[in-house]
> 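To start, I am sharing the structure in question, which I have written as structure tokens.
Throughout, a chain's letter reflects where its sequence line sits, starting with A, and its residues are numbered from 1.
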Amino acid sequence: MDRTQRPRSVLDSLGEELIGILTPVSICMFTVVLLVCLLNSDPSSSASFSSIATAAYSETDSDSPWDKLLGAFLNSLVFVAAITVATFLLVVLFYLRCVRFLKLYMGFSAFVVLANLGGEISVLLIDRFRLPVDSVTFSILLFNFSVVGVFAVFMSRFSILITQGYLVVIGVLVAYFFTMLPEWTTWVLLVALALYDLAAVLLPVGPLRLLVEMAISRDEDIPALVYEARPVIRDDSRLVQRRVWRDRRSSQNDDDLENNEVVNVVRAEEDEQRSEISVPLIERSRPESSETFLEGIGLGSSGAIKLGLGDFIFYSVLVGRAAMYDLMTVYACYLAIIAGLGVTLMLLSVYQKALPALPVSIMLGVVFYFLARLFLEVFVVQCSSNLVMF
Amino acid sequence: MTVAAGIGYALLALGPSLSLFVSVISRKPFLILTLLSSTLVWLVSLIILSGLWRPFLPLKANVWWPYALLVLSSVCFQEALRFLFWKLYMLSTLIHFALLLSSDCYAVLDLKKRLEDVLDSFADRISRPRLFLTDKLQIALAGGLGHGVAHAVFFCLSLLTPAFGPATFYVNRCSKVPFFLVSAIIALAFVTIHTFSMVIAFEGYAKGNKVDQVIVPVIHLSAGMLTLVNFASEGCVIGVPLLYLVASLTLLHCGKMVWQRLIESQNQSGSTLR
């Protein structure tokens, strides 16, 4: 039976870029919820998870709500201060053009996350499902997995699907560990980070804004873990074919590989003024703060939408923490976050500059969580347990 | 009862919508966005309703008339919202920013323009054919599916968590089948009703057909009221088949209407060729 070829209507390709960002965010959130549901079956065994986010105060069940709130405030203050210091350090290093060091640090942090956190979660999963795996096989597999991940985020000539997959995996791993923070601390921390993101990207003295402006003025990519959706290439005659996004990165890396010695090289291209200086690798003590996750959303060089990995992580932390209460809050928070992301992308298309992706989604997510927990649950359980639905 | 049973109940409620999603909606990104936004609208309406009714809850267990009031108010509110959804065609703003993101189009930011006008002018600009009739129907279908999926998720799936464990749960009023099974079956009926009544409603509003416009709230209200039959002891034996009768009526009416429109549009395009 033949089918006549219908000409493609306008509906076929509209909104593709948006879906390109929504899909990995949804996959990340879904995986974190799955991990939380699988691995947190007994709430009584809350292992004390000590990190920089609980440095000021570690919550116990016997404290009064006011104490918990105060402690959560202190914790978030410490964490936001640590993140501010780390971001300013990143800005200083980028200003001094230590790009190579930043890239190496990025690769190193990806390796640590994949090997250490990935290994811990795999051990928990093996324990939960009683999988028969011996330690030699496990360590070989984990090592291979982490090394391939480092290459995927570090090098540019890699299959884009694998790179995107590894970025999502890194987001999932870090988000899962953040959900192990105590409850009040998590919520106050999320709100504090949303406010910090707003300040850091929009204020003229904010570190992220300085970083983005420097990167734009030098026309370089910021060396950080950023998810870039696959750019859409249309085949219309009226639309200009977009440059494939790999081109710029690859030419930059080729220069790196060629000049291994301590040489200052300045190269100028025909179409863009770009100076590539390679500096010797200076011994630096390992900074102990968080990795170079960049938060915020912007338009990539080829017009594709870029979303920082920090946004993936904190969306998933919110949804994972909602999963610890009930699945209804998970759905409500998921829809709220997606709506917030849509609003942010709408603003991005209007303002055409880098915007913070956290504030709208996190605020909507927190509001919907509390509304769902206080109002929705009682209503829905009341109705459906009597089999009254509408 | 086990993971298999839990997944089974979830698929019972959402299986047909999953296949609709994979075959029709996932091919066009705009329809996915329509689905997500209509799910959000349904969720917001549910939250507002629960906020309004919260002081009166929990209701007494054996009295049925407060529930009737609850269903009546909820259905009226949701139908008003459906009309508002059409009126605003709030997706027109979604279209606007989708258009702006495809950075070669300079669509005028005129929020009063209806969705179809905007899409048609965009289509003219990039010299593609205008919206087909099936595209408009698909948008309506995606909107209805969003409502249906939201209903199934919040009324059925969110309560399914105990079903993944080792035991099951029965309610006194419907003691023949597990609670999860009954709620999944009812959710399936409602998914069908929501999905296809949205198609009927949008076509009714577009053509100004009064019959179609009125029939949708009537269907929704009668379906809601039919679930009140479940209050009687073993009432679900009567209530659930009647609910499925309403669902199949909706399906038939929608199918007839769509068939008529397709035949009409084919006749029209056939006559212009000659």
> Do S26(A) and Y334(A) pass the side chain to side chain donor-acceptor pair (under 3.5 Å) test, and can you show the C-alpha distance, the side-chain angles, and the key distance before you say yes or no?
CA-CA 8 Å; S26(A) 309; Y334(A) 170 75; 3.0 Å; yes
> Just checking, is any N or O donor in the side chain of S73(B) or W53(B) under 3.5 Å from an acceptor N or O on the other one?
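On atom types as modelled, these side chains qualify, holding a pair under 3.5 Å.
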> Is F154(B) in contact with chain A via its backbone, its side chain, both, or neither, using a 4.5 Å heavy-atom distance?
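Answer is both: backbone and side chain atoms of F154(B) are under 4.5 Å from chain A.
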> Is there side-chain contact between I337(A) and F368(A), with heavy atoms separated by less than 4.5 Å?
no
> Counting only non-hydrogen atoms closer than 4.5 Å, does L374(A) touch chain B with its backbone (N, CA, C, O), its side chain (CB onward), both, or neither?
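Only the backbone of L374(A) comes within 4.5 Å of chain B.
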> So which part of I47(B) gets closer than 4.5 Å to some heavy atom of chain A, the side chain, the backbone, both or neither?
both
> Measuring heavy-atom distances to chain A, does L70(B) have an atom under 4.5 Å in its side chain, in its backbone, in both, or in neither?
side chain
> Let me confirm one number: the CD1-CG distance from I362(A) to D311(A), rounded to the nearest 0.5 Å.
8.5 Å
> Do the non-hydrogen side-chain atoms of I21(A) and K306(A) ever get within less than 4.5 Å of each other?
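Side chain of I21(A) against side chain of K306(A), heavy atoms only: no contact under 4.5 Å found.
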> Output the option from S158(B), G239(B), S50(B) having the highest count of non-hydrogen pairs under 4.5 Å with chain A.
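Sorted descending by pairs with chain A, the first entry is S50(B).
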> Counting heavy-atom pairs closer than 4.5 Å to chain A, which one of I186(B), L228(B), L243(B), I193(B) comes out on top?
I186(B)
> What part of L335(A) lies closer than 4.5 angstrom to a heavy atom of chain B: side chain, backbone, both or neither?
both
> Indicate yes or no for a side-chain donor-acceptor contact from T39(B) to the backbone of A150(B) under 3.5 Å, with no hydrogens or angles considered.
no
> Using only non-hydrogen atoms and a strict under-4.5 angstrom cutoff, which residues of residues 321-333 of chain A touch chain B?
D326(A), L327(A), M328(A), Y331(A), A332(A)
> In this structure, are over 12 heavy atoms from other groups packed under 6.0 Å from F21(B) atom CZ?
yes
> L376(A) versus chain B, heavy atoms under 4.5 Å apart: side chain, backbone, both or neither?
both
> Within the structure provided, determine whether V149(B) and L14(B) are in side-chain contact (heavy-atom separation under 4.5 Å).
yes
> For the interface with chain B, which of I338(A), L371(A), V378(A) has the highest count of heavy-atom pairs at distances below 4.5 Å?
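The answer is V378(A).
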> In terms of heavy-atom pairs under 4.5 Å, which option from H220(B), H194(B), H151(B) contacts chain A the most?
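So the answer, after comparing H220(B), H194(B), H151(B), is H151(B).
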> Looking only at heavy atoms and a cut-off of under 4.5 Å, which of V229(B), V171(B), T161(B), L46(B) has the most pairs with chain A?
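Among the listed options, the one with the most contacts to chain A is L46(B).
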> I want to check something: taking the side chain as every heavy atom from C-beta on, are V177(B) and I185(B) in contact at a cut-off of under 4.5 Å?
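No. Closest side-chain heavy atoms not under 4.5 Å.
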> Going by heavy atoms in the side chains, are C156(B) and F190(B) under 4.5 Å from each other?
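They are not in contact (no side-chain heavy atoms under 4.5 Å apart), so the answer is no.
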> Only counting residues at least two apart or in another chain, list the ones meeting ring-ring contact (aromatic ring centres under 6.0 Å, His included) with F390(A).
F155(B)
> I'd like to check I7(B) versus F164(B) (side-chain heavy atoms, cut-off strictly below 4.5 Å). Are they in contact?
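Yes. Closest side-chain heavy atoms under 4.5 Å.
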> If you count heavy-atom pairs within less than 4.5 Å of chain B, which of V380(A), V381(A), L22(A) leads?
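Ranked by contacts with chain B, first place is V380(A).
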